[in-house]
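Below: the structure, in structure tokens.
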Amino acid sequence: METRYIFITGGVTSSLGKGIISASIGKLLQARGYKITIQKFDPYINVDPGTLNPYEHGECYVTADGFETDLDLGHYERFTGIQTTRDNSVTTGRIYLSVIERERRGDYLGKTIQVVPHITDEIKRRILLNATKEHFDFVITEIGGTIGDIEGLPYIEAIRQLRWELGSSRALNIHLTYVPYLAAAGELKTKPTQTSVKQLQGMGIQPDLLVLRTEHDLNDEIRKKVAHFCNVEMEAVIQSQDLPSIYEVPVNMQRQNLDAIIMKKMGMEVGPTPELGPWRNFLERRKRATEMVNIGIVGKYDLQDAYKSILESLAHAGTYNDRKVKAVFINSELITRENVGERLAGMAGIVICPGFGQRGIEGKIIAAEYTRTHDLPTFGICLGMQMMVIEFARNVLGYADANSSEMDVRTPHNVIDMMEDQKNITQMGGTMRLGAYECELVKGSRTWEAYGEQSLIKERHRHRYEFNNGYLNEFQSHGMQCVGINPASRLVEIVEIPNLRWYIGTQFHPEYSSTVLHPHPLFMDFVKACIENQ
Ligand code: GLN
């Protein structure tokens, strides 16, 4: 079958959940046996989201092939279980960069380089790129931002052209909008949707389906009105009401035949509706798991999106352990020696979060000391693992000035140090240790058991600093063991204190690879330990 393209645009406001809708459509088509991929095009000028502060754009998600991407790719992977790549995340910066590089090389010699056609052509090339490398039945493309944004215009133009070139059986547009409820009038308002569809039509795109985000149920009258004003059939006006979990969205979309309508519109034979058995089982189990387990999230970003994948991984592991994980944010900047007991009170365990820079690290170190000395399950991820190591060096090995050279270049006890091959790097973007690397597990360790006694695993990284192997023997002889090592570089990837209930730190980010149907083994084991500790 020839590759078909689905474009997802958004109107009225941002944060409507285009990523979740894209992931849900992917999930539903996949359940019908189609090979799919989902990609995101972001209209900002950063070449990738790697250099963005999480306050700007939430977590930076890393693909297995080592590309720093938008957090929506995390949703795509968690929903569909398939791995995305560097070709699934494209920004305006990246588009311009490649056009400008080509211009400098002389590829367009003599020509004036313009947004149309050069930038739009490059956008089109990128949209089609994934399917030139591998066969896909459907390529779902989510366009970041909102219709009407100046920077989004070249993307809309590229879609318009592609729809024309590919024809209606191979290209389709789904527009996501918002239907606000005015409490004072007691009414749901469709005008913003109408306006946003008009804007899209003005740019030459007639949406094929509309997905209306709403906090209240939309009755048939409202859907009819929207259909009427927007030139869309009523059955193609889908409502996406707030649900208790994002993972209910695919089922809710299926109930309204979203996937079947897409296929019908593309002239395809619509077979029987897939059962979504394992997915429904997950939802059922999630609903039944009402008993709570409190887990402290020790970090510096008081913002859900900054730790998106960690929160989702904990939620997955909670469900499969028949518990509801209540993730309690604990601001590491506010943790002191005096108040740490109070701040961590009621927690069955803590996660010490990843991060960069000085802010909030002393609080993470104090938390690591408290949980080590009180035997509270502790999961340190990347910077979190590094803080566990520094704490151990300071308080057990007796190096009061131990630090990471990231925080103190002159520390005489650089137990966390910059890798040799990082020392000459001057550029910030895309130059860390990124992507999936192999890791050998030490037989008999808790980690090895958690991974189902596998000897070789692969996990994704995003960091510049590493455990300093010069100190390895000292750590090991004092009780902190290296239980995971990179077979090629001998870098320490996992530390563990076997004498404690659950005290494990990973240099990699396991949270990037937990999915709804395959929760991550370390999160599973950690949550289990937290429950036992309750
Ligand atoms: N800042 C640390 C490093 O670069 C940890 C990075 C992280 O937590 N992702 O090594």
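Fair warning: this is a prediction, and the values are worked out from it, not measured in the lab. Atoms within a ligand are numbered from 1 in the order they appear, just like the ligands themselves.
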Validate the cation-pi geometry between Lys27 and Phe79: distance from NZ or CZ to the six-membered ring centre under 6.0 Å, angle to the ring axis within 45°. no
Inventory of protein N or O atoms under 3.5 Å from ligand 1 N or O:
{"unit_1": "ligand 1", "atom_1": "1 (N)", "unit_2": "Gly355", "atom_2": "O", "d": "3.0"}
{"unit_1": "ligand 1", "atom_1": "1 (N)", "unit_2": "Glu406", "atom_2": "OE1", "d": "2.7"}
{"unit_1": "ligand 1", "atom_1": "1 (N)", "unit_2": "Glu406", "atom_2": "OE2", "d": "3.2"}
{"unit_1": "ligand 1", "atom_1": "4 (O)", "unit_2": "Arg464", "atom_2": "N", "d": "2.9"}
{"unit_1": "ligand 1", "atom_1": "8 (O)", "unit_2": "Gly355", "atom_2": "N", "d": "3.0"}
{"unit_1": "ligand 1", "atom_1": "8 (O)", "unit_2": "Gly355", "atom_2": "O", "d": "3.3"}
{"unit_1": "ligand 1", "atom_1": "8 (O)", "unit_2": "Leu383", "atom_2": "N", "d": "3.0"}
{"unit_1": "ligand 1", "atom_1": "9 (N)", "unit_2": "Arg462", "atom_2": "O", "d": "2.9"}
{"unit_1": "ligand 1", "atom_1": "9 (N)", "unit_2": "His509", "atom_2": "NE2", "d": "3.2"}
{"unit_1": "ligand 1", "atom_1": "10 (O)", "unit_2": "Gln386", "atom_2": "NE2", "d": "3.1"}
{"unit_1": "ligand 1", "atom_1": "10 (O)", "unit_2": "Arg464", "atom_2": "N", "d": "3.2"}
{"unit_1": "ligand 1", "atom_1": "10 (O)", "unit_2": "Tyr465", "atom_2": "N", "d": "2.8"}

Ser313: which residues meet the side chain to side chain donor-acceptor pair (under 3.5 Å) condition with it, sequence neighbours left out? none
Listing, residues 41-52 side-chain donor-acceptor contacts under 3.5 Å, not counting sequence neighbours, or none:
{"unit_1": "Asp48", "atom_1": "OD1", "unit_2": "Gly50", "atom_2": "N", "d": "2.7"}

Between Val90, Ile143, Asp70, which is the residue that forms a side chain to side chain contact (heavy atoms under 4.5 Å, CB included) with Lys40? Asp70
Would you tabulate the side-chain donor-acceptor contacts of residues 291-304 under 3.5 Å, counting partners in other chains and residues two or more places apart, or write 'none'?
{"unit_1": "Asn294", "atom_1": "ND2", "unit_2": "Gly346", "atom_2": "O", "d": "3.3"}
{"unit_1": "Lys300", "atom_1": "NZ", "unit_2": "Phe356", "atom_2": "O", "d": "2.5"}

Under a 4.0 Å threshold between the charged nitrogen and the carboxylate oxygen, would Lys18 count as salt-bridged to Asp72? no
